[in-house]
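A quick write-up on the structure given underneath.
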Amino acid sequence: MTGDATSMRTIAIVNQKGGCAKTTTAVNLAGALAEDGARVLVVDLDPQAHATLALGVDPEAVDENLYEVLADEGGAKRLAEVVAPAGERLHVAPSGIVLSALEQKLAQERAEARVERLLRALAEVASSYEYAIVDCPPNVGLLTFNALRAAQEVIVPVEASHFAMHGVEKLLETIALLAERLGIAPDVRILATLYDGRTRFAREMLAELRERFGDACFDTVIRHSVKLREAARRGVPVARFAAASNAAADYAALAAEVAGVAPLASLSESAPAAPREIVIEFRDAGAHDVRIAGDFNGWVPDRGVVSSTHHEQGTRVWRKILQLSPGTYEYRYVVDGEWREDPANPKRVASPAGNAHSLLVVR
Ligand SMILES: Nc1ncnc2c1ncn2[C@@H]1O[C@H](COP(=O)(O)OP(=O)(O)OP(=O)(O)O)[C@@H](O)[C@H]1O
Ligand SMILES: [Mg+2]
């Protein structure tokens, strides 16, 4: 046993938008962390009970669920009894439709006490798990407040095919406001999900997301995969259902990032055959820091890029060496924190947001 009352990390999966892969992320991040040897509790705070179902537990068949834990004054102590096994090192605190009555049940309580119910319950089991992953419903009500109050970390899954940037910004504002009110400062990170790299639209959405939210975005992107729905239907995490799938690899990469472990050379592994060395240069007398980001490195500035600088005729030159397979790539430079197209390259395409992306063709 390595856990103690202070070492359990509580991570809330939050987004008021429906269908952006909150539950899929809660279940499969938990599954991947458990595969890596961590003891993980999934807390299903959504009355729809999708996480409970996706972990093979029938919400109709359990005697007690989180409602008993959260609704009653002394319920916190009962969390351990309510928890159901869902695989090796993996447990779930089940939900049920009755959870939708919690807000009304607690209406008379002091506001501070009302939002602390989950925090207090999790404190009771903190020595049993390294992680508690909390799946939230698609609204920002009392249940989500409880999750935010209990969590040190928040993951916001964002569907990379249809999301509106505005919605994500609003959500981050809401979380920041709430955090201030609750006197907490959670670490909030954004995860692109349902990503279909074959569509230009999705690639550009990903670029926008990285541009907008920078380091708050996980490097890992969760690709579109039918295996995730099939795994949920079978009631097991995808790591168990289809260990060799892209979906299992993506959630394993996310788990590695969450656990603070560097991902294993994913760039070189997934690249198609015969990458070549491509050298491009950026010249600017006034710039201090120049990086390159494009669909070749998941729009993470300078990731996988060998970078050097020198002077030519009084102007500083940044040289970027990329390893690229034949294909067409979109990219931009990040010059002292500002994103711009390549001034030396006339080939450009417009992104949906009206930015120009430079085009690089490797034959
Ligand atoms: N990467 C993916 N590839 C393909 N399908 C996915 C992926 N992620 C999630 N899905 C599917 O999309 C649907 C919505 O996902 P999920 O239930 O996880 O979203 P949610 O945010 O929890 O929704 P809600 O807001 O209703 O709780 C599900 O059918 C799920 O199987
Ligand atoms: Mg859900």
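Computed from heavy atoms alone, side chains included, the values below leave out hydrogens, waters and symmetry copies.
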* To do: Kindly say whether Arg332 contributes a backbone atom to a donor-acceptor pair with the side chain of Glu341 at under 3.5 angstrom?
  => no

Side-chain H-bond candidate by donor/acceptor type, [X] with [Y], under 3.5 Å:
X	Y	value
Tyr251	Thr25	yes
Tyr67	Asp72	no
Thr220	Glu257	yes
Ser95	Asn65	no
Asp342	Tyr331	yes

* Asked: So Arg223 and Asp196, salt bridge (Lys or Arg N to Asp or Glu O under 4.0 Å) or not? Walk me through it.
  -> CA-CA 6 Å; Arg223 287 168 286 181; Asp196 182 353; over 6 Å; no

* Compute the ring centroids of Trp339 and His357, then answer whether they are less than 6.0 Å apart. => no

* Asked: Take atom CZ in Arg212; do more than 12 heavy atoms of anything else shown fall under 6.0 Å from it?
  -> no

* Asked: Does Glu112 CD have over 12 foreign heavy atoms under 6.0 Å away?
  -> yes

* **Qualifying residues under salt bridge (charged side-chain N to carboxylate O under 4.0 Å, His left out), relative to Glu180, sequence neighbours excluded** => none

* Asked: Leu119: what forms a side-chain contact (heavy atoms from CB on, under 4.5 Å) with it, not counting sequence neighbours?
  -> Glu116, Arg149, Ala150

* Asked: If you group Ile, Leu, Val, Met, Phe, Trp and Tyr by side-chain heavy-atom gaps below 4.5 Å, do Val43 and Leu53 land in one group?
  -> no

* **Non-hydrogen side-chain atoms of Leu122 and Leu41 separated by less than 4.5 Å** => yes

